[in-house]
Amino acid sequence: MRLSLRRLYFSLILFITLSPIVAQFTIPTILIDAFPNKECIAYCTGNFTPKGGQEYLAFYHNIESRIINSISMVIIIGVQNGKINYKYDCNLQTLPYSKKEKDIINNPRLEFGTWRAYCYVNDYNGNGLDEILLFEKTGMSFEPVICEFKNNKIKKVLLSPSSDWNSVSKMETGIDAEGKYIRLWTSRETIKSKMPWYIYRWDTEKQLYLIKEKGFD
């Protein structure tokens with residue numbers, strides 16, 4: 001009873017706090033009951049694996065956490081015949097976004113589709129499975145992460161350019177003569193007040209988004 005009241009308390013707070021960010025909808029019971037000590041606060045559907053069935057990308061908040069608007073677990077849950085058939089943890093988490101970070105996420109030049117709860121979901125590289133684009137914030141770090149199902153795991157397919165780089169200040173997507181690209185600017189490692197930028201393209205051989213160009217603006 002005590003745990004139920006605690007979960008209800010956190011549910012009410014999360015509903016009020018997250019309403020500008022998360023579209024309000026009914027969370028399926030199977031997602032609510034999947035993890036007794038976590039609160040499912042958002043979800044979306046997609047075609048994340050080749051296993052078939054109904055697949056959910058679910059976002060969970062740790063009810064013991066004092067940081068209300070935070071995500072402690074992002075996980076793919078496959079449901080068949082009304083039962084959970086498999087789970088794949090994306091190993092992602094994020095703290096609350098600042099207004100500046102929300103502006104980066106909502107950049108109209110981002111052509112990833114509709115922002116769905118806490119991420120973009122789409123088949124960006126055209127291989128038949130949906131990828132997950134989420135902006136991960138941990139401490140002072142704020143960076144886009146693209147994940148995809150590979151070799152029976154969820155793996156990151158966009159890599160940061162260096163160990164010192166961990167904060168994106170602007171992001172856009174586009175198409176040029178070479179095809180689709182993702183361009184990131186970072187406030188780190190500035191030279192004469194210019195921001196370094198990196199252009200990523202999908203590498204079909206390595207099956208990763210790799211840096212193909214870089215420079216300073």
- Note on the structure: Shortest non-hydrogen pair, Leu133 vs Pro144, comes out as CD1-CB, 3.9 Å
- Under 3.5 Å side-chain donor-acceptor pair for Thr49 and Glu55: yes
- Note on the structure: So CD1 of Ile154 and NZ of Lys87: to nearest 0.5 Å the spacing works out to 14.5 Å
- When you look at NZ of Lys212, are more than 12 heavy atoms from neighbouring residues, nucleotides or ligands closer to it than 6.0 Å? yes
- Message: Run Glu101 and Lys137 through salt bridge (charged side-chain N to carboxylate O under 4.0 Å, His left out) and show every step you take.
- Response: CA-CA 9 Å; Glu101 290 159 351; Lys137 180 177 179 180; 3.1 Å; yes
- Task: Please identify each residue that fulfils side chain to side chain contact (heavy atoms under 4.5 Å, CB included) with Glu213, with sequence neighbours left out.
- Result: Glu178, Trp197, Ile199, Arg201
- Query: How far apart are the C-alpha atoms of Leu134 and Val74, what are their side-chain angles, what is the distance that settles it, and do they pass the side-chain contact (heavy atoms from CB on, under 4.5 Å) test?
  - Reply: CA-CA 10 Å; Leu134 179 141; Val74 182; 4.1 Å; yes
- Does the side-chain contact (heavy atoms from CB on, under 4.5 Å) test come out yes or no for Leu57 and Tyr118, once each step is laid out? CA-CA 10 Å; Leu57 180 67; Tyr118 283 90; over 6 Å; no
- Task: Check Asp123 against Gly128 and note the closest heavy-atom contact, atom names and distance.
- Result: OD2-N, 2.9 Å
- Ring-ring centroid check Phe149 Phe48, cutoff 6.0 Å: no
- Note on the structure: Output for pair (Met73 CE, Cys90 SG), nearest 0.5 Å, gives 10.0 Å
- Report the residues that fulfil side chain to side chain donor-acceptor pair (under 3.5 Å) with Lys51, sequence neighbours left out, ordered by chain and then residue number. Tyr88
- Note on the structure: With sequence neighbours left out, the residues meeting ring-ring contact (aromatic ring centres under 6.0 Å, His included) with Tyr124 are Phe112
- Query: Does one hydrophobic cluster hold both Ile84 and Ile75, with members joined at side-chain heavy-atom distances below 4.5 Å?
  - Reply: yes
- Query: Is it true that a side-chain atom of Asp130 and a backbone atom of Asn47 form a donor plus acceptor pair closer than 3.5 Å?
  - Reply: yes
- Could you tell me which non-hydrogen atom of Ile30 sits nearest to which non-hydrogen atom of Gly82, and how far apart they are? CD1-O, 3.5 Å
- Query: Considering residues, nucleotides and ligands other than Asn81, do more than 12 of their heavy atoms fall under 6.0 Å from its CG?
  - Reply: no
- Item | side-chain contact (heavy atoms from CB on, under 4.5 Å) evaluation trace for Ser70 with His61 | CA-CA 6 Å; Ser70 63; His61 169 78; 3.5 Å; yes
- Query: Do Met171 and Arg183 come within less than 4.5 Å of each other through their side chains, counting heavy atoms only?
  - Reply: no
- Shortest non-hydrogen contact between Gln207 and Lys150, atoms and distance: CB-NZ, 3.2 Å
- Roughly how far, to the nearest 0.5 Å, is the OG1 atom of Thr173 from the CG atom of Leu184? 10.5 Å
- Message: Side chains of Gln54 and Thr45, heavy atoms from C-beta outward: is any pair under 4.5 Å?
- Response: yes
- Query: In Å and rounded to the nearest 0.5 Å, what is the CD to OG distance from Glu39 to Ser65?
  - Reply: 12.5 Å
- Tyr97 with Leu95, same ILVMFWY side-chain cluster at under 4.5 Å: no
- Task: Let me see the working for Glu143 and Thr186 under side-chain contact (heavy atoms from CB on, under 4.5 Å), right down to the final yes or no.
- Result: CA-CA 9 Å; Glu143 60 180 309; Thr186 173; over 6 Å; no
- Under 4.5 Å between any side-chain heavy atoms of Pro28 and Tyr56, yes or no? yes
- Item | Pair Tyr209-Glu131, side-chain donor/acceptor within less than 3.5 Å | yes
- Note on the structure: Heavy-atom closest pair (Leu31 atom, Ile77 atom, distance to 0.1 Å) is CD2-CD1, 3.8 Å
- Query: In Å and rounded to the nearest 0.5 Å, what is the CD1 to CD1 distance from Ile32 to Ile41?
  - Reply: 12.5 Å
- Looking only at heavy atoms, the pair that brings Ile27 and Cys40 closest together is CG2-SG, 3.6 Å
- Task: Answer yes or no: does atom NZ of Lys153 have more than 12 heavy-atom neighbours from other residues, nucleotides or ligands under 6.0 Å?
- Result: no
- Query: Would you say the ring centroid of Tyr181 lies under 6.0 angstrom from that of Tyr200?
  - Reply: no
- Atom pair CD1/NZ of Ile71 and Lys38 - distance to nearest 0.5 Å: 10.5 Å
- Task: Kindly say whether Trp185 contributes a backbone atom to a donor-acceptor pair with the side chain of Ser169 at under 3.5 angstrom?
- Result: yes
- Check: Tyr43 ring centroid to Phe59 ring centroid under 6.0 Å: no
- Query: Side-chain donor-acceptor pair under 3.5 Å between Asn125 and Glu148, yes or no?
  - Reply: yes
- Query: Between Ile132 and Tyr86, is there a shared hydrophobic cluster once you connect ILVMFWY residues whose side-chain heavy atoms come closer than 4.5 Å?
  - Reply: yes
- Message: Is the ring pair Phe35/Tyr60 parallel, tilted or perpendicular, if the boundaries are 30 and 60 degrees?
- Response: perpendicular
